[in-house]
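Step one of this worksheet: look at the structure below.
Within every chain, numbering begins at 1; the chains are lettered A, B, ... in the order of the sequence lines, protein sequences first and strands thereafter. Both backbone and side-chain heavy atoms feed into the values below; hydrogens, waters and symmetry mates do not.
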Protein chains: 2
Amino acid sequence: MIKILVVEDQAMVLGALSALIDLEADMSVVGTATNGLEALQRCESEDINVVISDIEMPEMTGLELAQALSKNQHPAKVIILTTFSRGGYVRRALDASVSAYLLKDAPASDLAKCIRLVLSGETIIAPELMRDAWQSGTNPLSVKEQKILAYALEGKSTEEIAKNLYLSQGTVRNYVHNCCQKLQTKNRVEAARQAKAKGWL
Amino acid sequence: MIKILVVEDQAMVLGALSALIDLEADMSVVGTATNGLEALQRCESEDINVVISDIEMPEMTGLELAQALSKNQHPAKVIILTTFSRGGYVRRALDASVSAYLLKDAPASDLAKCIRLVLSGETIIAPELMRDAWQSGTNPLSVKEQKILAYALEGKSTEEIAKNLYLSQGTVRNYVHNCCQKLQTKNRVEAARQAKAKGWL
DNA sequence: AAAAATAGATGACATTTGTCACTAAATTAG
DNA sequence: CTAATTTAGTGACAAATGTCATCTATTTTT
């Protein structure tokens, strides 16, 4: 019997996915978690063969969870199941050596198939996602730049960003300018949206 | 047997929800759709007791679907199942006389319960959602203002917005200014985010 | 230790955005 | 048919943002 842990912050979706998996005769959802941290603890205390995890969650993201499991050399296979086909996300997932990256757009029947395939040792990342991950290249933004764009995305002013990061307003504007150059945009909002879309924030 | 139509644009979630519902002995998912338009057609051609629909979908949203069904006096009960607890959404749902507004954060067991309750004639909207819908008040933005903020949300410049809506740049700036006043914000990005968060776009 | 790269700052200037008062035309309501 | 409202525009100025060259420490590399 394949023992599965499902990690997803929306309870309804979590329950529904569990129901879907439990339809398979040889699979059993032996645990659930609503964020990466919870999941990590479950993985320590219980015997898990496959972890199916969303990415964007409170406390700890699915990518951080994958990284942690990889670092601990945990035997469980990790399947990322998410809405987002962001190059940066896929890249980080590959770095954390996940076994599959599956979109919520994919047909429901793919999930069970995917679980069986990863257990047979395969790595499953849709070709178009691979292409995205390749094309998007490595994240060109420094940590500071990422933080600044994250604030910009929320509509914070130069002044507020400067205050939050203990920088002068001039410096913040310089950083924003760098971001715009690197991302080829005309203003901070476009830059922030771009970066978010590529999974760089 | 309760005949159910599930409407949700993410195939995986659609399948999972269907699996969840089919666990109930007296319920059957007799159809699925990935947008409002498809759903509307299914409702015409088939006998449906309950429609469970997401909101944000291509072609036609779940709220537009609910409005259409209400206008046609279709007998099916409509349950909105969504991630978003936006006052504006809840308000529009109530106006379209939906039978329930359920969040994807709610426990999976709530879904079947909810289906049975709406069939017994009850209307189910969580008290905190009601409060939000009340507090947020009616949408203060005119149609033009909504359009302009939608562009602003995407990082479009005054010039681009003006071009798209066949207005002068000055007029666009005046509209943006009005939005900022109505929403009590200091700039367009904040205003756009606010409006989006309240379900006014 | 010298050279190079990095992080932060400054000042100056151009452009964009926000603010406001005031028109003008078109619609709507009384 | 007016009066009031709505919709769009203009001009002028203030404030915020974008652009760029330049400077100073601080690390890092060689």
Side-chain angles (χ1 to χ4, degrees), chain A residues 88 91-92 95 136-201, chain B residues 88 91-92 95 136-201:
Chain A
R91 202 167 256 266
R92 285 181 61 193
D95 286 344
S136 82
T138 42
N139 187 340
L141 302 171
S142 72
V143 179
K144 273 264 156 54
E145 288 166 343
Q146 290 173 43
K147 281 186 187 166
I148 284 173
L149 284 192
Y151 282 118
L153 198 64
E154 291 173 12
K156 300 269 187 245
S157 66
T158 302
E159 193 188 353
E160 288 172 303
I161 300 174
K163 214 163 274 173
N164 275 302
L165 297 178
Y166 306 102
L167 293 172
S168 83
Q169 296 197 28
T171 304
V172 170
R173 273 153 69 204
N174 288 151
Y175 276 119
V176 170
H177 180 56
N178 288 342
C179 292
C180 287
Q181 291 220 138
K182 287 181 179 177
L183 305 183
Q184 310 257 56
T185 65
K186 282 197 290 290
N187 62 59
R188 52 181 69 193
V189 185
E190 256 190 84
R193 280 176 54 84
Q194 271 260 354
K196 179 72 184 169
K198 299 222 173 183
W200 289 340
L201 297 189
Chain B
R91 202 167 256 265
R92 285 182 60 195
D95 286 344
S136 81
T138 41
N139 187 339
L141 303 171
S142 72
V143 179
K144 274 266 156 51
E145 288 167 343
Q146 290 173 43
K147 281 186 188 166
I148 284 173
L149 285 192
Y151 282 118
L153 198 63
E154 292 172 13
K156 301 267 187 247
S157 67
T158 302
E159 193 189 351
E160 291 173 300
I161 300 174
K163 213 162 276 173
N164 275 301
L165 297 179
Y166 307 101
L167 293 173
S168 82
Q169 296 196 27
T171 304
V172 171
R173 273 153 66 206
N174 285 337
Y175 276 120
V176 170
H177 180 55
N178 288 343
C179 292
C180 287
Q181 289 219 140
K182 286 181 178 177
L183 305 182
Q184 309 257 54
T185 65
K186 282 198 289 289
N187 62 59
R188 53 179 70 193
V189 184
E190 256 188 86
R193 281 176 53 83
Q194 272 258 354
K196 179 73 184 168
K198 299 223 173 181
W200 289 339
L201 297 190

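As a whole-Å value, the separation of A:Lys144 NZ from D:dT27 C1' is 14 Å. For the pair B:Leu167 CG and D:dA8 P, the interatomic distance rounds to 6 Å; values are reported in whole Å. Rounded to a whole Å, the CZ atom of B:Arg173 is 10 Å from the C1' atom of D:dC13. Note: CZ (A:Arg188) to C1' (D:dA16) measures 8 Å, nearest angstrom. What separates CG of A:Asn178 from P of D:dC20 is a distance of 11 Å, to the nearest Å. The separation between B:Leu141 atom CG and D:dT7 atom C1' is 16 Å, rounded to whole Å. In this structure, the CD atom of B:Glu145 is 11 Å from the C1' atom of D:dT6, given to the nearest Å. Across the protein-nucleic acid pair, B:Gln169 atom CD and D:dG11 atom P stand 13 Å apart, rounded to whole Å.
Using a 4.0 Å heavy-atom criterion, one finds that A:Thr171 contacts the bases of the nucleic acid, with or without backbone contacts as well. Residue A:Glu159 is out of contact with every strand shown, counting any heavy-atom pair closer than 4.0 Å. At the heavy-atom level, A:Asn187 lies under 4.0 Å from the strands shown only through sugar-phosphate atoms.
Contact check, B:Ser142 against D:dT6: no side-chain N or O comes under 4.0 Å of OP1 or OP2. Contact annotation: A:Lys186 side-chain N/O to D:dT17 OP1/OP2 distance is not under 4.0 Å.
Of all nucleotides listed (D:dC20, D:dA8, D:dG9), D:dA8 comes nearest to the side chain of B:Tyr175.
Considering all non-hydrogen atoms of both residues, A:Val189 and B:Leu153 come closest at CG1-O, 4.4 Å. Annotation for A:Pro140 and A:Leu183: closest pair CG-CD2, 4.2 Å, computed over non-hydrogen atoms.
Distance CD/B:Glu154 to CD1/B:Ile161: 9.5 Å, rounded to 0.5 Å. Note that NZ of A:Lys182 and CG of A:Asn139 are 8.5 Å apart. Values are rounded to the nearest 0.5 Å.
Close approach of DNA chain C to chain B, defined as any atom under 4.0 Å from a non-hydrogen atom of the protein, starts and stops at C:dT17 to C:dC20.
Just one residue in the list A:Lys198, A:Glu190, A:Lys196 forms a side-chain contact (heavy atoms from CB on, under 4.5 Å) with A:Gln194, and that residue is A:Lys198. The only option from A:Leu141, A:Leu201, A:Leu165 that meets the side-chain contact (heavy atoms from CB on, under 4.5 Å) definition with A:Lys147 turns out to be A:Leu165.
A:Asn187 contributes a side-chain N or O that, together with a main-chain N or O of B:Gly155, makes up a donor-acceptor pair within less than 3.5 Å.
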